[in-house]
Amino acid sequence: MNDASESGESLPAGEWLFEEAAAALSRHLGPGVGELRIERLVVGVFATGVRLSDGRGGVAYTPPELVARASRRILRGGLRRVRGLAALDVVMGREAGPFAPVVRLAALNALSVPVLESLARDGGDGEGEAFAPLVADRRVCMVGAMVPLIKRLLRLGPAALAVADRKAETLAEVAGCSIVDLDRLDEALAACQTAVFTGASIANDSLPGLLAAVSPGAAVAVAGPTAGFIPDPLFDRGVTLVATTVVTDADEALDILAEGGGLYPLFGRCLRKVNLLRPGPFPDRG
């Protein structure tokens, strides 16, 4: 099982996401979504961002492994400019360039902003109200050591919180929870009542496998800015909660990314946290 932290390895995201999300966007927003173009693209040190012709923006994590692979493509030449391309075409994988996986995610997130704004519950301090019923007195397994989120989840009083992550240096910052050996991750996910996956599980396409390892009665949350797209593909796969963000100031966000700031400096400045809950009954305790 692959680790799926926001700062973990990334492989091109599965076409299932882009195809289903593009279809859902067309249903929600109509044919006008196809007219929006990318006006600005920044592939930063730690994150990628785009601004569309309607002024909206989207961001996604840029894994260093993707940068290494992209550098080999750049050396072979043939780099095409993304600016001016139809954003929906980019989402569908047409001429997105050597950084295609993360550019496609950022463009998808930008196109999704109107839908998220119409569906979302305000994130407030991030996760308290939305996460509470998924965490309090429940056995929680989190894949990806997103340390600020771990601290908030611990304050909600889980019966147990187990965390899996490939990076030893990140796990060294984790306190108050148990560490799951990656070789036993499937076992931990099958035993939990709530699973929490960070947005990089989207980028490396490990999410379908992670979901398959969770028991049918468990709740599932996907968290992080990288998951800031129309939630239909995730809801259709049983995800209960998407705790993500929308970009409130695309130019400021891209300016920060262009200076190597990464995602964390965007919070409270040009990102707003939002919570998306799947319609229907809340999952039982598994």
Side-chain angles (χ1 to χ4, degrees), residues 12-13 15 17-62 66 70 74 78-120 199 202-203 224-234 242 244-263 265-267 269-274 276:
E15 293 304 313
L17 167 62
F18 297 116
E19 292 178 0
E20 293 178 24
L25 282 173
S26 296
R27 290 195 303 270
H28 281 267
L29 301 178
V33 68
E35 300 175 2
L36 295 171
R37 297 190 173 273
I38 294 180
E39 284 194 342
R40 186 182 176 193
L41 165 67
V42 171
V43 180
V45 177
F46 301 109
T48 290
V50 302
R51 186 190 70 217
L52 303 182
S53 51
D54 65 354
R56 294 187 171 96
V59 296
Y61 176 72
T62 307
L66 175 59
I74 292 170
L79 178 64
R80 177 175 175 181
R81 296 286 298 273
V82 176
R83 182 177 178 180
L85 296 179
L88 195 59
D89 284 350
V90 170
V91 169
M92 293 304 295
R94 300 168 191 150
E95 304 294 341
F99 295 95
V102 69
V103 173
R104 294 173 73 186
L105 280 170
L108 175 59
N109 290 354
L111 288 172
S112 298
V113 168
V115 178
L116 266 62
E117 290 178 333
S118 67
L119 296 177
I202 300 297
T226 305
F229 49 84
I230 189 167
D232 299 42
L234 300 182
V242 180
T244 187
T245 62
V246 294
V247 175
T248 58
D249 188 328
D251 283 320
E252 183 178 11
L254 268 60
D255 286 344
I256 293 172
L257 298 186
E259 296 187 6
L263 292 172
L266 306 183
F267 286 92
R269 297 180 63 175
C270 42
L271 288 185
R272 179 170 65 90
K273 295 181 180 180
V274 294
L276 311 171

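Heavy-atom basis, side chains included; hydrogens, waters and symmetry copies ignored.
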request  = Identify the heavy atoms of L257 and G262 that sit nearest to each other, and give their distance.
outcome  = CD2-O, 3.4 Å
Over 12 foreign heavy atoms within 6.0 Å of CD, E117 = yes
Donor-acceptor contact below 3.5 Å, side chain N109 vs main chain V59 = yes
inquiry  = Distance check, rounded to the nearest 0.5 Å: D232 atom CG versus R27 atom CZ?
reply    = 5.5 Å
request  = To the nearest 0.5 angstrom, please state how far the CD1 atom of I256 sits from the CG atom of L266.
outcome  = 5.0 Å
request  = Locate the shortest heavy-atom distance separating L271 from P225; write the atom from each residue and the value.
outcome  = CD1-CG, 4.3 Å
key: Atom of L111, atom of P114 and distance for their closest heavy-atom approach   = O-CD, 3.4 Å
ask   = Side chain of T248, backbone of R272: donor and acceptor closer than 3.5 Å?
value = no
request  = To the nearest 0.5 angstrom, please state how far the CD1 atom of I230 sits from the CD atom of E20.
outcome  = 11.5 Å
key: T244 side-chain N/O to G228 backbone N/O, donor-acceptor pair under 3.5 Å   = yes
Result block: side-chain N/O donor-acceptor pairs under 3.5 angstrom for residues 44-58, not counting sequence neighbours:
{"residue": "T48", "atom": "OG1", "partner": "T62", "partner atom": "OG1", "Å": "2.7"}
{"residue": "R51", "atom": "NH1", "partner": "D251", "partner atom": "OD1", "Å": "2.3"}
{"residue": "R51", "atom": "NH2", "partner": "E39", "partner atom": "OE1", "Å": "3.4"}
{"residue": "S53", "atom": "OG", "partner": "R37", "partner atom": "N", "Å": "3.0"}
{"residue": "D54", "atom": "OD1", "partner": "R56", "partner atom": "N", "Å": "3.1"}
{"residue": "D54", "atom": "OD2", "partner": "R56", "partner atom": "NH1", "Å": "2.9"}

inquiry  = Quick one, F18 with L105, criterion side-chain contact (heavy atoms from CB on, under 4.5 Å). Give me CA distance, side-chain angles, the key distance, then yes/no.
reply    = CA-CA 8 Å; F18 297 116; L105 280 170; 4.0 Å; yes
message = Show the nearest heavy-atom pair for residues T245 and F267, with the distance to one decimal.
response = CG2-CE2, 3.6 Å
request  = Start with the C-alpha distance between R104 and L108, add both sets of side-chain angles, then the distance that settles side-chain contact (heavy atoms from CB on, under 4.5 Å), and finish with yes or no.
outcome  = CA-CA 6 Å; R104 294 173 73 186; L108 175 59; over 6 Å; no
task = Dump the intermediate steps for side-chain contact (heavy atoms from CB on, under 4.5 Å) on L234 and I202, then the final yes or no.
result = CA-CA 10 Å; L234 300 182; I202 300 297; 3.9 Å; yes
key: Minimal non-hydrogen separation, A86 against G34, with atom names   = CB-O, 4.1 Å
request  = Could you walk me through whether L17 and F229 pass the side-chain contact (heavy atoms from CB on, under 4.5 Å) test, one step at a time?
outcome  = CA-CA 10 Å; L17 167 62; F229 49 84; 3.4 Å; yes
inquiry  = Which heavy atom of A253 sits nearest to which heavy atom of V247, and what is that distance?
reply    = CB-CG1, 4.2 Å
